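Notes follow once the structure below has been shown.
Just so it is clear: chains get the letters A, B, ... in the order the sequence lines come, proteins before strands, and each one is counted from 1. The structure displayed is predicted, hence computed values, not measured ones.
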Amino acid sequence: MPRLDATHRHEPTQVNQVKPYEKLRRDLAQRDRSLREKVVTLDDVASFVRDGDLVGIGGSTMSRTPMALIWSLIRAGKKKLTCSRSITSSDGDLLFASGACEHIITSWFSQGILWGVSKVMRHHVESGKARFEEWSHLAMGMRLRAGAMGVPFMPIRTMLGSDVLKQRPEAKEMECPFTGERLLLVPALNPDVALIHVQRCDAYGNAQIDGLQFVDIDLAMAANKVILSTERIVSNDQIRRVPDQTKIPFFTVDAIVEVPFGCAPHECYGVYEPMIRHMEYYVGLVNKDPIAGMRDYLDRFVYGPKSWAEFLDLIGIEEVLAAARLGNSIYDA
Amino acid sequence: MPRLDATHRHEPTQVNQVKPYEKLRRDLAQRDRSLREKVVTLDDVASFVRDGDLVGIGGSTMSRTPMALIWSLIRAGKKKLTCSRSITSSDGDLLFASGACEHIITSWFSQGILWGVSKVMRHHVESGKARFEEWSHLAMGMRLRAGAMGVPFMPIRTMLGSDVLKQRPEAKEMECPFTGERLLLVPALNPDVALIHVQRCDAYGNAQIDGLQFVDIDLAMAANKVILSTERIVSNDQIRRVPDQTKIPFFTVDAIVEVPFGCAPHECYGVYEPMIRHMEYYVGLVNKDPIAGMRDYLDRFVYGPKSWAEFLDLIGIEEVLAAARLGNSIYDA
Amino acid sequence: MTHKPDYTAAELLAILSARQLKDGMVVFAGVGIPLLAATLAQRLHCPGLTILFEGGVVGAFVEPGKLPPSTNDQRCTARANMVLGSADVLLLLQRGYVDIGFMGGAQIDQYGNLNSSFIGDANHPAVRLPGTGGGNDIASLANMIVAMKHEKRRFVENVDFITSPGWMHGKDTRRQSGLPFGGMFRVVTDLAVFGFDENTHRIKPLALNLGVTREQVQDNTGFKLDFDSDVGLTEPPTDRELSVLRMLDPLRLYIG
Amino acid sequence: MTHKPDYTAAELLAILSARQLKDGMVVFAGVGIPLLAATLAQRLHCPGLTILFEGGVVGAFVEPGKLPPSTNDQRCTARANMVLGSADVLLLLQRGYVDIGFMGGAQIDQYGNLNSSFIGDANHPAVRLPGTGGGNDIASLANMIVAMKHEKRRFVENVDFITSPGWMHGKDTRRQSGLPFGGMFRVVTDLAVFGFDENTHRIKPLALNLGVTREQVQDNTGFKLDFDSDVGLTEPPTDRELSVLRMLDPLRLYIG
């Protein structure tokens, strides 16, 4: 089935404009969805993302953040990305400060509740350098669910009345044709690319997620391209042994990178907890000076290392191993 | 938290009329959703269902059919039930022929593809004794999903243009306010009671389903009352050891019955396959004469036995064990 | 037919439909011949065929001798890559992830519309059939292959009731009904393989099966067929196809 | 206060809010004091309290000394009954399965509206705050308890921006906005516990904490409070409450 057509120019998504169904399906039909191996290196990832793309980021806050993928896009000098995430943590700081992204669609944005408001986010948003577009957490999830289902909207019963809604003309209030009730219709979100980190997948992209899934299943279905990073690539036989645990089917996936500790310094359920000492070092640095501190951090930890392994080495093997010990302890019960 | 209020009279659902949100939530607020043990006997089940209720049935075709629960409702002489199921098998024959139910909402209704069209279904529907209300499989699923989400409808892109839709004025076509596309809005389905069979649950009702889930998770959330039958009641500790596998949270559940082989002669994933010899005996009997054959079957296998164990004994221990051996073989890979 | 072939009509159907599938496709298969034909294709020329079943199965690899009695049984999940809810597997069609929907049919008409609901008036039917199941959803959203026995009462000019839409009333009536994608692609029968005219969207014979004449096809069809001058011939089943097929269904549940 | 108590403001907050919960409730708890207070209540008078977290956790039982840094971390799933998608756990609120939503607050007003988005004009903000997270959803759908520090800049007459709706503009304006259920029920601070007038839906003190005067409460509030004549006193933390609380948070992450 040759589906790739050189004459078909896929245009980046008009952010927050619902993709007409004809475009949604034509874009998908162009993708090579056949059973094939898709393993690439971390350096290859950049070739799957174009400047200006709408990039959906998996995980939530400090959990299962596809940090290595973000790191590689920043290193490749990507520009003008719009990023979406249910809850944004220090990944958003890096995206703003590196200039890769000028617009984040999310429900919450700071490095983490322990460290108060992100000075990096504040600097970029208050100065008008970048946009923080706010939706409620449910609205973010339902926008992706609509996108995953191939429908243009989902009805919800939140955001109504609030000033959050007043800032979001993209959503539409509706009188229910069945009950006469007031509902909010949130528009489908179909990212150009999704970045998702999983515990394991096979070389085709059948991906298994343990523990908290967040909105990653809907994100994978909604996106027009999926890049997976994974702690481990396993055999297809191993996937088939526990099909209950497969959460993302291979035909949604376009590229796979094996990156152990690919969420560092954030956590990966059952594998490692967040590397809190590094996070504290980071927050100390950037909250003191969100411009110079951030520049230092990027130089040292993002642009500096030759490889992800070298980045982990900078965090420190001791901290990485301690995080892994805690990560695995969730199964101790 | 005393939530049961003797003065609150819960009225049976007007079938296919979307429950207004105020009623949906008031009905739910009346239920005792606290953490408590809910184990009852199979004979107790009838007290949870009123004549005229809309009863949502879990599983699909011959899989994870809550047969023991249906059997107990028929034995208790329930009347005027409306039943919904994604795909209806011989459970529907029993419900129609016993007079417990005169209206089934489903996408497909026959004993099973192997045996052609159900003569029992034909007899009841063609004679006008009972109603078979047809929706597409996706529409059935999305009606329950809307009910589970607490919204009055879901948009879908099927049934449009077909004669199936012409028979269903309960659905509404809509021009999408975002894209101008034609969509079908299917109304939420919120059964009064759901009957669901699971592999295991604890005494509170935290239920784990292995393998095919069908629409049972949405069904549990959508219903105003859930009766679980389970192959085994396990400790809450065992549930907490594998929370990934929990599919129905206890607070949706109102009663639990431990009934090993509670789907017989249908299958329960990983535990037993369908008891095909018994199914063939049954189909032979009722297809020869859908009235007298059905009466014979009901007398002998539904009204006759003193207990579910006695019913299993009538199927025959050899066939039950053979089905169990095959059921477990799914894990042999 | 002029000679008695050494295979059954169902075997011919399964083999001819299996050949319609291409490696790497994602196929949503109904029970019966489609399930069998898709599984056969996996064993022959499509090792990378991904089969979806309505029960909520992705990437099934059904075991020989263990054909499931429906697409909702545990046997469908043998060596599957993923199990998910049954509404969610249908949503994959709506999102557009499925290349081919593959179903049997009880009654079909000149525009490929399928009826599995009513014979006669829907409100006072002569026969109440089992209904759509996922058929309407699959046919509304995917490019379709239908495998069915060729009988006059099954091939009618216009079905009594459109359960699963084909090209509706021809031309662009399907699109106008709100169904911009999918549509009937091939109909495989024990007599011939059919396609659809790209403008009128009316059914037309593409190739006749071994030993079958145009007259036989017309006689077994309830409406006038237009035969192009270049109608071809299908290759008869090969020994390899037959032996693999029979290995899959040793009890001859589906192949008769 | 007239004497220095042997507990911190955060400890007082956690204990007073834990007391608001009743056994058998289903509580949707935010991070920080709510998470800690709900966990404390489980260890004290509510062994059958079911805690939900936004990350997708049902029936959590957080381990002592392993308080999670957010409600999306694996620590939230310790001994949980169920994990599910984060949108799906919020949908439990929409369906009506949650008795109490329990959050912290950055800024609150006389009608219990919460602002966690902007200080100043939303289009040119003096301070961009982290945003709603699930706050708007929880506050739109559930009966709410809010635990927060009592400061004049946090207790304002009208918030700059309604992130999470309380009673909107009082009376029945919440219902008129399309929010027929839920609403602000209690606000617990280090100075007092507040309820809301059932007609005007304006905030009002219910009970003062040990050693706190009406004047202190008024002085730390940015608008005029109406004190009923029968404003009560909260019971100070007991030794048992304090010792269990400190066992849960030995690193004093949340209790300061």
Q: For the pair D/Phe196 and D/Tyr111, evaluate ring pair (Phe, Tyr, Trp, His ring centres under 6.0 Å) and give the outcome as yes or no after the intermediate values.
A: CA-CA 8 Å; D/Phe196 290 82; D/Tyr111 295 116; 8.6 Å; no
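Ion pairing between a basic and an acidic side chain is recognised when a charged N comes within 4.0 Å of a carboxylate O; B/Asp210 and B/Arg200 show such pairing. Under the 4.0 Å criterion applied to side-chain N and carboxylate O atoms, B/Asp218 and B/Arg145 are assigned as salt-bridge partners. In this structure, B/Lys19 pairs ionically with B/Asp27, as a charged nitrogen and a carboxylate oxygen lie closer than 4.0 Å.
Using a 4.5 Å cut-off between heavy atoms, B/Tyr204 makes no contact with chain D at all. Both the backbone and the side chain of B/Asp244 come within contact range of chain D, with heavy atoms under 4.5 Å apart.
Of the listed residues (D/Leu90, D/Leu91, D/Leu93), the one with the most heavy-atom contacts under 4.5 Å to chain B is D/Leu91. Ranking D/Thr50, D/Val58, D/Leu49 against chain B, the residue ahead of the rest is D/Thr50, based on heavy-atom pairs under 4.5 Å.
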